[in-house]
Number of protein chains: 2
Amino acid sequence: MLRMSKLTDYATVILAYLARAGGELHTAADVASRTGLGVPTVSKLLKLLAQAGLVTSVRGAQGGYQLARPAEQISAADVIDALEGPVAITACSSADIQCELESVCRVGSAWQRINTAIRLALKDVSLDQLIGSPGTPRPRFDLAEAAGADTGPTARGASR
Amino acid sequence: MLRMSKLTDYATVILAYLARAGGELHTAADVASRTGLGVPTVSKLLKLLAQAGLVTSVRGAQGGYQLARPAEQISAADVIDALEGPVAITACSSADIQCELESVCRVGSAWQRINTAIRLALKDVSLDQLIGSPGTPRPRFDLAEAAGADTGPTARGASR
DNA sequence: TTCAAAGAGTACCATTTTAGTGCTATTTGA
DNA sequence: TCAAATAGCACTAAAATGGTACTCTTTGAA
């Protein structure tokens, strides 16, 4: 159900490589050959990651990319946001479509809240943890806090 | 990031209607008109839900559909499983594709574990809660339990 | 000062997935 | 026996996704 696009997966791979490689600059071609991904694809992803502020780029000869901040300070949510934008879970939005039943709309907002909850949880998982460094602290999370909280049936506008 | 197909959303709407309507039988046409969805679409979805065991069907004249069990006993995970199957979060599977870097594969398994964690959480959210009945108990959940747990880099085979 | 390396930006195409529709068979109550 | 209703296929159209190509800009070094 939770479908992440391949590109987001690739982006994680790229970030993981940069994290392990340290602070030096790495060209897109370098990253591509080390990860087994295509150069154009890596190039495109690094651009997106740079725009999102997760990596910094240096143009010109001898240029390249590097992590913008330590892996501990990059969350799973950051990566996903960078690649897929602040998308919501459902499409029950579009103010022009009128739901016939009260319950219908309530359902929509419930999914929204679950989505929010999951995003919150992913904010607590760092790239560091994703890579697999042992001994990193484990954040606690309460899904129902957001899924069940009575924020009212107002917040249902977010489109995908 | 968490993308749910429209059909899954519709299915929730349909289940919500059935839950509110009580134990009587409802035809696909009835559900369609009440939810504003197309009859063929509703028909298709009810079929899938019946196969998944979330609703029971009665064939023939005066037939129809009804919830197979109380709304409290149907989880968000059930609905998603019924519509989208047991899909995993990433595609870094396919044993024929060989990851070049150790870290790369570790990343894949980390996403898998996060996925598992989220699914576990959704199992604790009932249709009842989705519909919006107040006062339902709020399950607690620990995302990092599964996301950070050292299950080892073995479990990475699940394909989408 | 010129050249080449490397990122930035844009546009495009192929593939896959998703959503929706139509038709026929089967069951079953009146 | 008829009609209401689900069951099961198969098919088509549309949208998202992934990947590629091409051109522009920046900048270090010869």
Side-chain angles (χ1 to χ4, degrees), chain A residues 1 3-11 13-14 18 24-33 35-66 68 80 83-85 87-92 94 97 159-160, chain B residues 1-11 13-14 18 24-33 35-66 68 80 83-85 87 89-92 94 97 159-160:
Chain A
M1 49 125 315
R3 278 163 306 164
M4 202 173 58
S5 79
K6 274 194 216 169
L7 291 180
T8 305
D9 198 20
Y10 294 165
V13 168
I14 290 171
L18 291 179
E24 314 101 43
L25 288 175
H26 301 270
T27 68
D30 174 37
V31 174
S33 72
T35 54
L37 302 173
V39 177
T41 301
V42 169
S43 197
K44 186 181 186 176
L45 287 172
L46 280 170
K47 245 178 287 179
L48 289 173
L49 291 172
Q51 288 172 350
L54 298 185
V55 304
T56 56
S57 65
V58 176
R59 297 180 65 155
Q62 315 304 319
Y65 295 92
Q66 64 188 126
I80 289 168
L83 271 294
E84 318 201 10
V87 283
I89 191 172
T90 60
C92 176
S94 321
I97 295 175
S159 155
R160 48 178 315 199
Chain B
M1 47 123 321
L2 207 177
R3 279 163 305 165
M4 202 172 58
S5 78
K6 274 195 218 169
L7 290 180
T8 305
D9 198 21
Y10 295 164
V13 168
I14 290 171
L18 291 179
E24 313 101 44
L25 288 175
H26 302 271
T27 69
D30 174 38
V31 174
S33 73
T35 55
L37 303 172
V39 176
T41 301
V42 169
S43 196
K44 185 181 186 176
L45 287 172
L46 280 171
K47 248 176 286 180
L48 288 173
L49 291 172
Q51 288 173 350
L54 298 185
V55 304
T56 55
S57 65
V58 176
R59 297 180 67 156
Q62 316 303 319
Y65 295 93
Q66 64 188 130
I80 289 168
L83 271 293
E84 319 202 10
V87 283
I89 191 172
T90 59
C92 176
S94 320
I97 296 175
S159 156
R160 50 178 318 204

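Since the structure is predicted, the reported quantities are computational estimates derived from the model, not experimental observations. We name chains A, B, ... by the order of the sequence lines, and we start the count at 1 in each one.
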Asker: Atom pairs, N/O to N/O, protein against nucleotides 14-16 of chain C, distance under 3.5 Å?
Answerer:
none

Asker: For Gly53(B) and Ala68(B), which heavy atoms make the closest approach, and how far apart are they?
Answerer: O-CB, 3.3 Å
Asker: Flag the pair Leu48(B) / Leu54(B) as yes when at least one side-chain heavy-atom distance between them is below 4.5 Å, and no otherwise.
Answerer: no
Asker: All N/O contacts under 3.5 Å from nucleotides 4-7 of chain C to the protein, with atom names and distances to one decimal?
Answerer:
from	atom 1	to	atom 2	distance (Å)
dA5(C)	N3	Ala61(A)	N	3.4
dG7(C)	OP1	Ala28(A)	N	3.0
dG7(C)	N2	Arg59(A)	NH2	3.2

Asker: Whole angstroms only, please: what is the CG-P distance between Leu7(B) and dT17(C)?
Answerer: 15 Å
Asker: Below 4.5 Å, heavy atoms only, C-beta onward: do Val31(B) and Leu37(B) meet side chain to side chain?
Answerer: no
Asker: Distance check, rounded to the nearest 0.5 Å: His26(A) atom NE2 versus Ser33(A) atom OG?
Answerer: 11.0 Å
Asker: In sequence, state the C-alpha distance, the side-chain angles, and the governing distance for Leu46(A) and Leu18(A), and then conclude on side chain to side chain contact (heavy atoms under 4.5 Å, CB included).
Answerer: CA-CA 11 Å; Leu46(A) 280 170; Leu18(A) 291 179; 4.2 Å; yes
Asker: Rounded to the nearest 0.5 Å, what separates atom OG1 in Thr56(A) from atom CG in Leu49(A)?
Answerer: 11.5 Å
Asker: Rounded to the nearest angstrom, tell me the gap between atom CG in Leu25(A) and atom P in dT26(D).
Answerer: 19 Å
Asker: Looking at OH of Tyr10(B) and OG1 of Thr35(B), how far apart are the two atoms once the value is rounded to the nearest 0.5 Å?
Answerer: 10.0 Å
Asker: What is the separation between atom NZ on Lys6(B) and atom P on dA13(D), rounded to the nearest whole Å?
Answerer: 18 Å
Asker: How many Å lie between CD on Glu84(B) and C1' on dT17(C), as a whole number?
Answerer: 12 Å
Asker: What's the CG-P distance between Leu37(B) and dG20(C), to the nearest Å?
Answerer: 9 Å
Asker: Figure out the CG/C1' separation between Asp9(B) and dT18(C), and round it to whole Å.
Answerer: 14 Å
Asker: Take atom CG of Leu45(B) and atom C1' of dG8(D), then tell me their distance rounded to the nearest Å.
Answerer: 15 Å
Asker: For the pair made of CG in Leu18(B) and P in dT6(D), what is the distance, rounded to whole Å?
Answerer: 11 Å
Asker: For a quick test of reading the model, state the closest non-hydrogen atom pair linking Ser43(A) to Tyr65(A) and the distance between them.
Answerer: O-OH, 4.5 Å
Asker: Could you walk me through whether Leu25(A) and Gln62(A) pass side chain to side chain contact (heavy atoms under 4.5 Å, CB included), step by step?
Answerer: CA-CA 8 Å; Leu25(A) 288 175; Gln62(A) 315 304 319; over 6 Å; no
